[in-house]
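Worksheet: the structure to be examined is printed underneath.
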Amino acid sequence: MGLLDVKDVNKRFGGLQALGDVNLSVAENSVHAIIGPNGAGKSTLLNCLVGKLIPDTGSVMFAGRSVLGRKPYEINQMGISRVFQTPEIFGDLSVFENMMIPLFAKRDGAFRMHAFEGVTQERGLIGEAEKMLDEVDMLDKRELHAGSLSRGDKRRLEMAMCLIQRPKLLLLDEPTAGMARADTNNTIELLKTIKNKRDITMCIIEHDMHVVFSLADRITVLAQGTPLVEDVPENIKGHPKVKEAYLGEAA
Amino acid sequence: MLGLGKKDLGLLAAVAALTLLAPFLLNPFPSDSSLAQFNAGYPDLMQRFVIFGIFAIGFNILFGLTGYLSFGHAAFLGVGSYAAVWMFKLLTMNVIPAIILSVIVAGLFALLIGFISLRRSGIYFAILTLAFAQMSFALAYSVLTPITNGETGLQIALDDPRILGVSATADGSIPVTHLFGLEMRATEILNLGPWQFQFSAGYYLCAAIMLAAFYLSIRIFRSPFGMMLRAVKSNQQRLYYTGLNARPYTLAAFVISGMYAGLAGGLLASMDPLAGAERMQWTASGEVVLMTILGGAGTLIGPVLGAGFIKYFENIFSKLNDNVLHGWFAFLPDGLENAVVAIIHPFVGKGWHLTLGLMFMLVVIFLPGGLVEGGQRIGRLFRRKRGSEERAAQQTPAE
Amino acid sequence: MNVKPDFSRHANQAETAPAFLSVWDMHSYYGESFIVQGVSFNVHEGEILALLGRNGAGKTTTLRSIARLDNPQVMKGEIWLDHQPLHRMKSYEAAQAGLGLVPEDRRIIPGLTVEENLQLAQIQPPIGWSLERLYELFPRLGERRRQEGVTLSGGEQQMLSIARALARDIKVLLLDEPYEGLAPVIVDEIEKTLRHIKEQGMTTILVEQNAVRALQLADRAIILDTGTIVYDGSAAEVLGDADLRAEYLAI
Amino acid sequence: MDALILQTLNGLDKGSAYALIALGLTLIFGTLGVVNFAHGALFMIGAFCAVTLQRILSASYVTIDDSRTDFLGNPMEVETPYVHAWFGESVGAGIIEWSVPLAILFSIPVMLLIGFVMERGLIKHFYKRPHADQILVTFGLAIVLQEIVKYFYGANPIPTPAPDALTGSFDFGVLLGFDPNVIIYPYWRLVYFAFAALVIGAVFSFLQFTTFGMVVRAGMADRETVGLLGINIDKRFTIMFGIAAAVAGLAGVMYAPINSPNYHMGMDFLVLSFVVVVVGGMGSLPGAVLAGFLLGILESFASMTQVINLIPGINQIIIYVVAIVVLLVRPRGLMGRKGVMEE
Amino acid sequence: QESGFTNAPTGDTVTLGFNVPQTGPYADEGADELRAFELAVEHLNGGGDGGMMQTFSEQNLDGSGILGKKVEYVTGDTQTKSDAARASARSMIEKDGAVMISGGSSSGVAIAVQGLCQEAGVIFMSGLTHSNDTTGKDKKANGFRHFFNAYMSAAALGPVLEGLYGTDRKAYHLTADYTWGWSQQESIQSATEALGWETVENVLTPLAQTDFSSYIAPVLQSGADVLVLNHYGGNMVNSLTNAVQFGLREAQANGKDFQIVVPLYSELMARGAGENIAGIPGSQNWDWKIENQLGERYKGTNAFVQSFGKKYGFPPSQAAHTCYAQTLLYADAVTRAGSFNPCAIAEALEDFEFDGLGNGPTLYRAADHQCFKDVVVVRGKENPEDEFDLVEIVEATPVEQVTYEPDHPMFSGGSLGSCNAGA
Ligand SMILES: Nc1ncnc2c1ncn2[C@@H]1O[C@H](COP(=O)(O)OP(=O)(O)OP(=O)(O)O)[C@@H](O)[C@H]1O
Ligand SMILES: Nc1ncnc2c1ncn2[C@@H]1O[C@H](COP(=O)(O)OP(=O)(O)OP(=O)(O)O)[C@@H](O)[C@H]1O
Ligand SMILES: CC(C)C[C@H](N)C(=O)O
Ligand SMILES: [Mg+2]
Ligand SMILES: [Mg+2]
């Protein structure tokens, strides 16, 4: 029994079987990578985990509780945070405010009226937000409009927003896509330290094999909606089927 | 102080000063001069300025922060008015219970409509609110006449039961609204040379309440709640995946702004105890939308400015007739006088709508951020003049 | 009017062939902040130019300026494509003049199917590759031709975006991070495609975070840093010079 | 039974007016994404095209008739239309009588021109602005247009009858085997229905069978990218706006004999037409037409005495009740597309 | 100098407030009212030819203003909304110091403004308001109505309808769903039922309705042979136009010619309805042709038409007439009372009998502040001679026939209260 157990999940879009009998178990405090060709169903699987999509059949258990049928915010409150493939941030708010919102969500739950206190009075939370911004090297952009950040920075911001919630399970959908190589390396380091420092489980989708092989404890290869193989990284690298379907010359 | 930052405190102080001094500021012209027509410092209009200011401030909490455009907000103002007048009819002419009841009733009504309408967003939400308000209006005008007195509007009559008061005064008149004995229509007149200034009890009550409402709205804007509302506007998707439920936030904002509207309605009735069904018509809902955008949606002071602007046109420009025009231009030779009057004629009096329409267009074309932006531009102009020139030259590229 | 200006003042140019695309002293800004500050470079016909730099360096801004999009605004500078003054054109005129941009966020048009997205590109002449030929290049798109474009997986969208640019008869192809989010095999394939179209004489500017891959493909490289060019020279040189790479690309 | 048939007929006719107005509105609102509060004004201007043509055709010269006196006791000034003088009394009267159908031709170029000018001069700058700004500017424009018309034509309705040949009514009941006089329907309303069907069909085919529609939809969703594909979207938006204005105008011209035009008839229809468009679903032309007919028919049924006696006041609110129910059951109206104006 | 009441005029001028609809559907009516007010002021101040001042039975007005004070006036826009009308009236009282408010073009507005004037302590001389309530359950001591009302319309129309269409008729009513509509319908129903007519159906139509086809279509099948349109303004123009479109005017029912009745007429409506109005009976407060056609009894009419027509180029409407008359009546009452004090004026107007204002001998009844005078029954003209000649006078129903007791059930419920002079 892992922290996350996906059993026999199926999802169809019209005539397309996007997910077929997916079984997946993510062990606590591990980094589990999901790789696979474009259109394999990776993002769809993630969508089923966070309540954006409801699978046609199958079950998804998180820490012993089913997530199916729950609203996205309930699932997040259970301890799952997600970084999207195309950055989802609060574009009209400042970088700093973007960091405060997940903090409030963490502290106050899904809804709480704080209509009279000022945001600026929340000293403790502000400190936390600034610390996190510093960690992702964005403290100098604190007051910028998040919408006007460059794409790499938006990604980083989104990741910081998820991390600051200290989720039990962090879902990352191509977190380093479009990031400069140097920053990709920094991100790898960041995720590594976080993993070591905190008790956190990660599920990561990436096409950048450098990232995958530096971080993952286990890798599931998904192709056409079904898991092809699941194994430790070393074995995946050499796997002929994976090479053919996915890795090409990169391996 | 007051839990506000320096800038907000300054704004609040400025607004307080302006409202307190309004009787002077709005009456800049001597009362016998030909420009006296432009004076707006009489109780009815001053009350309207601040009451519609309250209405617009409340609307802005919903629209400015969450971006949910309600096209039926006048319904809450309407039910607030009805509630207040019924309070006058049944309980007492004291305005306090009436105002309290109007806020509560409007809040409940908003809770009901908001709960249903907020299931949709964007234009679908706007049309849902519009539909509810139009329904309220149509019913108030016809089948609900026993409650609303239909077309005429709910009025106070000589035979009202009024439990904590008299049905009629000793001399057979209808009693007037008051605040613990202070009559709302009581007005002190100060004559200073040719100038005349009116200090109305009703106005100062409204102004005080408006300041409180404004203060509250600043607090909401600066609070975590306000930030959540802006987040709703920015990206609801992200909000949900961050573990927050947008629905109660928007519903709370909706109810709060409905209560502001109810407060405005209650005050309108307290100043002039009549509640007309037209208060709930879509044009009235549209008006508060226009006030907010015209002033600057999402800004603190904008909606108040917008409210003042529209009410000024409605009340001052509609009263300029040819007779007045001839009065102004009497100094010109006859032919010229007639020509000038003929040119201005279509824009005033019965043409006041034309001027209002043109003003809407000019403001939104040239001041995309509303009147507030106009103010900022003027402010910047002054600052730039003072500031060193080379910096200005460096900053904005010339095109 | 369509006479190429004399750019010989521009220093680091060993004019062998006449430049096909010339950018001269271009300054672009968003709102009040200047992003591109005096960029000049030439691209020769049939050449692949790699445009590199860290996140936020101004790569996207440069490409968007060349494509004459409304935002950023170009304050001064000249852009010439094959003797045509792009800097005097609107974006649709530039496109008619032979410019093709694959934007960084792919920009698949919502509400249109895959095929409609492609057809849209062929409404205004000059028309480039036929749909059959494009489906041959990207079979995945052929399979999904009736699906709404925006529901494609990330990688599929990237293919569609490239295909859409090729569906027009363009003289220069601007690619903003085309590999982002693509499976390694697909990256290989796209690289092959780019080689293929280069052989047919296409001139290309390639913005890419995967600098090594880009440099392997490119003839020349330009490195941007905070809106100015810090390197302009052969791609092989950067690839071979570890110091240079470390200094500007941190790899 | 006969009552139901009659009200269905009625509803179809009412619905065709709603559908026609909503069609023009949805071209601008659902397709170009501009909240055009001036759409009602375009409808009104269309109706006044008919009034204007009628006035032009009956332009008269004045002669003094000493044998009669006017209300002040002065000799009477008699006006004779030029067309009477030129073509003889009966032909002249005939021309004036046919001014509404003639106005269809007259109004098309006028409305196209108004649409083009409006789009180029004003709306163009508002595509990227928030909907709220669009509301403000088009509402301002609507007021201005309305006041201009009021300045020249007054506030009172102006009778603009249909040609005599098309007045009177047709007895459907007899056709269906009912007694005479049970189901009768005015000719002009039948003409209106046919005309609406024609215009709706024409607009559909134009948008469906040409690529124009796809381009405009695409341009609405993402102007920038469409520009990158070499398409001058601005030009197409202008054309689209012109078409929408012409459709609104035609709806107005044809409506003039049904209800005498007055300057605020546009505002009277404005809210209703927005409701129709939204109930139909944003961005859907068939939705707008369907919703127009649906609301027309339900409104007719709700005005039957049997229904009113059952639920007092239902005729006052039926449109809104239907709107609420539809929007709660179907999140994007009857046939709305996802993502269009949902934020 | 007078004092002790609201806006006691201090200088050598006195200000009157004319509150009319300047925007909205009744804007043209409001414009005509305003013309009449301006003309009245001109006459009061000694300008022009004096109009009805010369024919007025009281000869107190001499062109020197009112009580020697020059008359000035302010105008405002009621927008035909009670709210806006009250705001406009309040500004006239608070800002401009008006001692009297007049105008209005709808009963709802009139009642609302009347209530305000009562509270503020100024006189309200209502303009166009036809609902029974204005001087019925909503009557006020400070308010006065010269215009006739729904009951009077019905009482006058009854015998005429009997003469035209007999006693065996089945009537179908369409009624505007608001105060005035109900009041009109109730009155006409009771008057026609008294003749022996049967009321088949009464359908309430929404005020905002523009297309009445779905209300008109079922009329013929209902077995009715008369359609009564209790509509006014745009509603009436549209419902009548629709009725004619549906062929009701040519139709036969129960072996008789089908008939349409519009109880309350106005010249502007007739113009809006065009040829559709031909032959359709209704009632008016006054008509500009009445003195020419029915003689001396209605003197004043021609004098007014002359001075109005000379100034503006067309004959006055009944709206203009009633507003002009109200202004003169007010001025005269002030002069007789010797004071601008509303209570003194009210006293001067109560049970005041006068003549020469175009309606024949008239009484301002003290009990409810309603004027009692003849009612003009008209019908749409078949072949109008010119654009102003839209209606023909059928008869002038004598005042006795339309007078009712102050406690008539249709008018009961309210009380005048006592006059309020304000501050
Ligand atoms: N809403 C939808 N409707 C129809 N088809 C869909 C929908 N969402 C996804 N699909 C299809 O399902 C398949 C899986 O998509 P998904 O986004 O999960 O792929 P992915 O593995 O994340 O790919 P990539 O690595 O390119 O992001 C794709 O072929 C896609 O076209
Ligand atoms: N719409 C905008 N408004 C204001 N500033 C912007 C806007 N878009 C980008 N910027 C700013 O311009 C700078 C350059 O951005 P640009 O997108 O050109 O970078 P880039 O080199 O493409 O980076 P990346 O690799 O992250 O895509 C960044 O600092 C960014 O914050
Ligand atoms: C203007 C009036 C004569 C009629 C109007 N509808 C009323 O309420 O009285
Ligand atoms: Mg994906
Ligand atoms: Mg970029």
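FYI, side chains are in, hydrogens and waters are out, and symmetry mates aren't considered; it's all heavy atoms of this structure. Each chain gets a letter, A, B and so on, in the order its sequence line appears, and its residues count up from 1.
Of the listed residues (Leu122(D), Ile143(D), Leu136(D)), just one forms a side-chain contact (heavy atoms from CB on, under 4.5 Å) with Met361(B), and that residue is Leu122(D). Between Ile127(B) and the options Val276(D), Ile324(D), Val271(D), Val278(D), a side-chain contact (heavy atoms from CB on, under 4.5 Å) holds for only Val278(D).
Heavy atoms closer than 4.5 Å to chain D are found nowhere in Leu144(B), neither backbone nor side chain. In this structure, chain B has heavy atoms under 4.5 Å from both the backbone and the side chain of Phe274(D). Of the two parts of Leu270(D), only the side chain, counted from C-beta on, holds a non-hydrogen atom closer than 4.5 Å to a non-hydrogen atom of chain B. Looking at Val364(B), both its backbone and its side chain come within 4.5 Å of chain D, counting heavy atoms on both sides. Neither the backbone nor the side chain of Phe137(B) has a heavy atom closer than 4.5 Å to any heavy atom of chain D. Looking at Leu69(B), the atoms closer than 4.5 Å to chain D (heavy atoms on both sides) all sit in the side chain, from C-beta outward. Contacts between Val35(D) and chain B at a heavy-atom distance below 4.5 Å are absent for every atom of the residue. For Leu362(B), no part sits under 4.5 Å from any heavy atom of chain D, backbone or side chain.
Within 6.0 Å of the CZ atom in Arg377(B), the count of heavy atoms belonging to other residues, nucleotides or ligands exceeds 12. Counting heavy atoms of neighbouring residues, nucleotides and ligands inside a 6.0 Å radius, atom NZ of Lys350(B) does not exceed 12 of them.
When all heavy atoms of Pro368(B) and Arg129(D) are compared, the closest pair comes out as CA-NH2, 3.3 Å.
Atom NE2 of His131(D) sits about 7.5 Å away from atom CD1 of Ile123(B), to the nearest 0.5 Å. To the nearest 0.5 Å, atom CD of residue Gln134(D) and atom CD1 of residue Ile293(B) are 10.0 Å apart. Once rounded to the nearest 0.5 Å, the distance linking OH of Tyr320(D) with CD of Gln134(B) reads 4.0 Å. Note that the CD1 atom of Ile317(D) and the OG atom of Ser136(B) stand 9.5 Å from one another [nearest 0.5 Å]. Considering CH2 of Trp352(B) and CD of Glu147(D), their distance stands at 9.0 Å, rounded to 0.5 Å.
If you look at Phe71(B) and Phe139(D), their ring centroids are not closer than 6.0 Å.
Contact count against chain D (heavy-atom pairs under 4.5 Å) is highest for Ile365(B) among Val289(B), Leu130(B), Ile365(B). Counting heavy-atom pairs closer than 4.5 Å to chain B, the top-ranked of the candidates Ile148(D), Val277(D), Leu141(D) is Leu141(D). With respect to chain B, the highest number of heavy-atom pairs below 4.5 Å among Ala132(D), Pro130(D), Gly281(D), Gly140(D) belongs to Gly140(D). No other option in Ala138(B), Ala131(B), Gly370(B) has as many heavy-atom pairs under 4.5 Å with chain D as Ala131(B). For the options Thr292(B), Val143(B), Leu139(B), Leu128(B), heavy-atom pairs under 4.5 Å to chain D are most numerous at Leu128(B).
For Arg120(B) (side chain) and Leu328(D) (main-chain N/O), a donor-acceptor pair under 3.5 Å exists by modelled atom type. A donor-acceptor pair under 3.5 Å links the side-chain atoms of Tyr124(B) to the main chain of Met282(D), judged by distance alone.
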